[in-house]
Visitor: 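One structure is given below, represented as structure tokens, and several questions about it will come after.
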Amino acid sequence: MQFLNGVTLLLVYQLTGEILVRLLGLPIPGPVLGMVMLFVTLMIRGSAPDSLSEASSALLSHLSLLFVPAGVGMMTHFGRIADEWLPITLALFLSTVITMVATALIMQLTTRWFVRSVSEQGGQHE
């Protein structure tokens, strides 16, 4: 029963994200907004409910099965992929490089911020 409660919670957040995206005309996918709302809820709450932990662990243990529809979709559109391989390859390469650079910069900034805030707190206690 815990698993069903956890999956229901995930689906409720996804549905809420879809509804908000459609009502507000936001340019992001509904499930992404739902995931952000779930993240904020969990941050405020401080921990995940047992049902959500159980459901997410079960889903993650079978993650490879979730790639089957994507693989079937690629085979369905194999001709188009073959025709447009250069723009697809460039988009994948550039998006990967941009993501890696952005992640590195954000990591540097947050590390500096945390080191600075820890050193400032250390100086206040002395």
Side-chain angles (χ1 to χ4, degrees):
M1 193 64 162
Q2 289 275 36
F3 176 78
L4 289 177
N5 289 339
V7 170
T8 302
L9 183 63
L10 290 171
L11 291 174
V12 164
Y13 272 93
Q14 180 177 351
L15 177 64
T16 304
E18 284 285 353
I19 291 170
L20 285 174
V21 162
R22 289 177 190 248
L23 285 177
L24 302 174
L26 299 173
I28 60 172
V32 172
L33 181 59
M35 184 174 52
V36 169
M37 292 185 318
L38 176 62
F39 176 73
V40 169
T41 302
L42 293 176
M43 290 297 293
I44 291 170
R45 190 170 192 265
S47 67
D50 291 338
S51 61
L52 185 61
S53 295
E54 184 178 326
S56 59
S57 295
L59 289 172
L60 286 173
S61 69
H62 301 293
L63 186 63
S64 59
L65 291 175
L66 300 175
F67 287 100
V68 171
V72 171
M74 285 185 63
M75 291 301 107
T76 303
H77 296 286
F78 191 73
R80 183 172 185 185
I81 293 171
D83 292 340
E84 300 179 23
W85 69 271
L86 183 60
I88 293 171
T89 303
L90 286 173
L92 287 171
F93 179 76
L94 289 175
S95 65
T96 301
V97 169
I98 291 168
T99 300
M100 291 173 69
V101 169
T103 302
L105 291 173
I106 291 169
M107 189 67 187
Q108 283 183 335
L109 289 172
T110 55
T111 301
R112 288 180 190 157
W113 181 64
F114 280 123
V115 167
R116 189 176 333 126
S117 92
V118 167
S119 65
E120 288 173 359
Q121 288 177 355
Q124 291 176 356
H125 294 294
E126 293 178 4

Visitor: To the closest 0.5 Å, what do you measure between CD1 (Ile81) and CZ (Phe78)?
Guide: 7.5 Å

Visitor: Kindly compute the distance separating OG (Ser57) from NE2 (His62), expressed to the nearest 0.5 Å.
Guide: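 Rounded to the nearest 0.5 Å, the OG-NE2 separation comes to 11.0 Å.
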
Visitor: Side chain to side chain contact (heavy atoms under 4.5 Å, CB included) with Ser53: which residues, sequence neighbours excluded?
Guide: Ala48

Visitor: Taking the side chain as every heavy atom from C-beta outward, state whether Asn5 and Leu52 have any atom pair closer than 4.5 Å.
Guide: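 They are not in contact (no side-chain heavy atoms under 4.5 Å apart), so the answer is no.
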
Visitor: For the residue pair Val115 and Thr111, establish whether any side-chain heavy-atom pair is separated by less than 4.5 Å.
Guide: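 Side chain of Val115 against side chain of Thr111, heavy atoms only: contact under 4.5 Å found.
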
Visitor: More than 12 heavy atoms of other residues, nucleotides or ligands under 6.0 Å from CG of Asp50: yes or no?
Guide: no

Visitor: To the nearest 0.5 Å, what is the distance between CG (Leu105) and OG1 (Thr110)?
Guide: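 Going from CG on Leu105 over to OG1 on Thr110, the span is 10.5 Å.
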
Visitor: Are Met74 and Leu92 connected in the hydrophobic side-chain network, where two residues link if heavy atoms are under 4.5 Å apart?
Guide: yes

Visitor: Flag yes if Val97 and Met100 sit in one hydrophobic cluster, no otherwise; membership is Ile, Leu, Val, Met, Phe, Trp, Tyr, and two members link when side-chain heavy atoms are under 4.5 Å apart.
Guide: no

Visitor: Shortest non-hydrogen contact from Phe3 to Ala58?
Guide: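 Closest heavy-atom pair between Phe3 and Ala58: CE1-CB, 3.5 Å.
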
Visitor: Indicate every side-chain donor-acceptor pair of residues 6-30 with a distance under 3.5 Å to a residue at least two apart or in another chain.
Guide:
from, atom 1, to, atom 2, distance (Å)
Thr8, OG1, Leu4, O, 2.6
Tyr13, OH, Thr41, OG1, 2.9
Thr16, OG1, Val12, O, 2.7

Visitor: Hey, what do you get for CD (Glu54) to CG (Leu59), rounding to the nearest 0.5 Å?
Guide: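 Here the interatomic distance stands at 10.5 Å.
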
Visitor: Spell out, yes or no, whether Trp85 and Phe93 are grouped together once hydrophobic residues are joined by side-chain heavy atoms under 4.5 Å, including indirect joins.
Guide: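 Trp85 and Phe93: separate clusters.
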
